[in-house]
Peer 1: 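Could you have a look at this structure, given as structure tokens, before my questions?
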Amino acid sequence: MTTPDLFAPEPDEAALMAQLRQTLHEHAHRYYVLDAPTIPDAEYDRMFRQLQALEARHPELITPDSPTQRVGGKVLDQFAQVRHALPMLSIRTETDTQASGAENFDARIRRELGLTDVDPALEYVAEPKFDGLAMSLRFEHGVLVQAATRGDGEVGEDVTQNSRTIGQIPLSLPAGVPTVLEVRGEVYMRRDDFEALNDKQRSLGQKTFVNPRNAAAGAVRQLDPAIAARRPLSFFAYGVGEVTPPDAGGPVWQTHFDLLQTLKSWGFPVSSLVKIVHGAAELVAYYESIGQQRDGLGFDIDGVVYKVNSLSLQSQLGFVTREPRWAVAHKFPAQEMLTTVLAIDVQVGRTGKLTPVAKLAPVFVGGVTVTNATLHNEDEARRKDVRVGDTVIVRRAGDVIPEVVSVLLDKRVDDPAIFTMPRHCPVCGSAAVREEGEADYRCTGGLFCSAQRKQAILHFAQRRAVEVEGLGDKLVDQMVDAGIINTLPDLYRLGFTALANLARMAEKSAQNILDALEKSKQTTLPRFLFGLGIRHVGEATAKALARHFGKLDPIMDASEEELLAVADVGPIVAKSIRTFFDQAHNREVVEQLRACGVNWLEGEPAPVAAQPLSGQTFVLTGTLPTLGREEAKALIEAAGGKVAGSVSKKTSYVVAGAEAGSKLDRAQELGVAVVDEAGLKELLDGGA
DNA sequence: TTACCTCGAGCTCA
DNA sequence: CTCGAGGTAA
């Protein structure tokens, strides 16, 4: 034998380390997930320190799944982007927040599956909808390698380091798990942990969090994992993403419930409130039962989720665009609170639209402090009859936008004046008029109105338009108020001194703005078009116009008829574009911007794509053998056709499926051509 | 719409 | 220390 290398680990040290890791994993699972520790904390700490000591001596033996690695991460300077192997889809929300809303889901599923009343009740899994943030955990060969936020569903942020600090997330899985396993679930904060955290924050003189969800979201977004580790987070698994079985064999699970049970056996926390239920009545009962338990749960939920249990039925049901047809989120009714109306302000938008906004005494509703609620327009304000001084019920509708539900009339005092929209713009004093058939009043001041000028500049400078980095609303306010900017081209004529004279604008900031302006000159036609702020021309239309014409001048000179030839441009949009470029001052702005050096690469007009169905109108009736209604509609529209709701002389074809109704009779009366699904497919292929 | 985190930079006071 | 901008999330 040669002289032993003094620094090599003894064989039994390596084994001891492996064994410590294993034991610590087991106890961590009992402690964090099962909430039933079997050894004293001190004993756990002793083993943990022993492993730490061994790892300090043999850093090469540290494994990424070692319990000591939960807090070892380094401070990041930003989160990396991660593309999800399988997109993280969103779940459709049932709009009816009565318990009976659950029946809609059951009815929809039965209809999609072609079941009748005599067929037996369907099996569902019902689970609470946790109020936290969605997370996807990727395990390869049983080791946690990546954790990502949901992002836009396709691409999220890599928050692996922070996820490792969450005790309930296993770092390694038992042998025999799939080689690739993505577990999806919700990171959240328990209410008691949230309270304790806020107590601690208070005692440290640091700011407290408004609600558990925001505290959890904040923790996950920490660049320093050491801070994240001090925020007590929890996790519930509710599904999977990519799964590659070791043997690459057939389906791993038959039902969603099996899947959850397996995840549980592998060490993931799965809610004990997850239940198998049958048929509409049990869905309703589940919703009611969870609603009653809600306050006592120890964590926040905002509803329940129903899923079809059978995975084969799930795949049979498939997806509508990005949402699975086999699941639905059923939220509890939005929380409502009483507050008073302090004032009704009128805001002026970019297009001059006047919007009444109720200024409210601050109330805490559904986790946030609400102080504003839009009243949309005069009719809406009158319909609700909101007046200054009124006591009103507010809620957060559809999750986010605060809404005045109603006025408590018996609490009204002094008979305040009915709200009327001012006939003059509150900012510039120009006449405000309401066109025939329109709901909105508009300030007629145009660019004379400083509010509209500000909005126009902000719109032009935003990221999705020409992007002037660092130019936000406060700065635009200052510049317009100081009179150093009036029109868009003025932006590019700004001098350093004029800028540097503004508040909080010293040399460095002024130079940054000038650099950003210089950079923004090189842009693209769609961005520029969008940035002009032509009514009804959003990003999509700007792109379509740019693609169709290739250059700006032909767009400025196009007749309404020529504009109508652009995909998705109808008479209203065409007229709006024409009106915009008919105004001399708008053309002047464009010329001056070009003269200031704003430029883009112009292209060639795109040949009008051969659209096999353009100009033709279809009406769908009955159930088609393979295509869903939405799918058929999308296919027809993609081929340039239109789908109408009822049959008339102008209808080109009626597409009839099984159990076609009166529309088929009407087609025959009018002599409209009738085709089946196969016939439709031929038409779709026809010109392609 | 509100809340959170992060960054760069200006302001304020020692 | 404070502010504004910019990003993310629900």
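Numbered from 1 within each chain, the chains take letters A, B, ... in sequence-line order.
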Peer 1: Assuming nearest nucleotide by heavy-atom distance, tell me which of Phe364(A) and Gln78(A) is located more 5' along DNA chain B.
Peer 2: Phe364(A)
Peer 1: Does the gap between the ring centers of Phe332(A) and Tyr287(A) come in under 6.0 Å?
Peer 2: yes
Peer 1: Identify whether the distance between the nearest side-chain nitrogen and carboxylate oxygen of Arg138(A) and Glu242(A) falls below 4.0 Å.
Peer 2: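 Yes, charged N to carboxylate O under 4.0 Å.
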Peer 1: With a 4.0 Å cut-off, would you call Asp390(A) and Lys411(A) a salt bridge?
Peer 2: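 No.
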Peer 1: When you check the gap from the basic side-chain N to the acidic O, do Arg387(A) and Asp385(A) get nearer than 4.0 Å?
Peer 2: yes
Peer 1: How does each nucleotide of nucleotides 3-9 of chain C score, in 5' to 3' order, for protein heavy atoms under 4.0 Å: base (B), sugar-phosphate only (S), or none (-)?
Peer 2: BSSSSSS
Peer 1: Is the Phe139(A) ring parallel, tilted or perpendicular to the Phe268(A) ring (thresholds 30°, 60°)?
Peer 2: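 Judged by the thresholds at 30° and 60°, the geometry between Phe139(A) and Phe268(A) is perpendicular.
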Peer 1: By nearest atom, which of the nucleotides dC4(B), dA3(B), dT1(B) is closest to the Val368(A) side chain?
Peer 2: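 Out of dC4(B), dA3(B), dT1(B), the nucleotide with an atom closest to Val368(A)'s side chain is dA3(B).
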Peer 1: Collect all protein-nucleotide pairs involving nucleotides 12-14 of chain B in which both atoms are nitrogen or oxygen and the distance is under 3.5 Å.
Peer 2:
none

Peer 1: Can we say Arg493(A) and Asp490(A) salt-bridge, meaning some charged N sits less than 4.0 Å from an Asp/Glu carboxylate O?
Peer 2: yes
Peer 1: Just the rounded figure in Å: distance from P of dC4(B) to CG of Leu223(A).
Peer 2: 17 Å
Peer 1: Would you kindly give the CG-to-C1' distance between Asp77(A) and dG8(B), to the nearest whole Å?
Peer 2: 15 Å
Peer 1: Quick test of your reading of the model: are Arg434(A) and Glu438(A) salt-bridged, counting only N-O distances below 4.0 Å?
Peer 2: no
Peer 1: Near DNA chain B, counting only heavy atoms under 4.0 Å, which residues of residues 506-520 of chain A show up?
Peer 2: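 Ala506(A), Glu507(A), Lys508(A), Ser509(A), Asn512(A), in order of number.
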Peer 1: Examine Tyr124(A) together with Phe105(A) and report whether their ring centres are nearer than 6.0 Å.
Peer 2: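 Centroid distance Tyr124(A)-Phe105(A): below 6.0 Å, so yes.
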Peer 1: In whole angstroms, how far is the C1' atom of dA10(C) from the CE atom of Met135(A)?
Peer 2: 15 Å
Peer 1: Can the ring centres of Tyr188(A) and Phe236(A) be said to be less than 6.0 Å apart?
Peer 2: yes
Peer 1: Is Arg202(A) salt-bridged to Asp199(A), going by a charged N under 4.0 Å from an acidic O?
Peer 2: yes
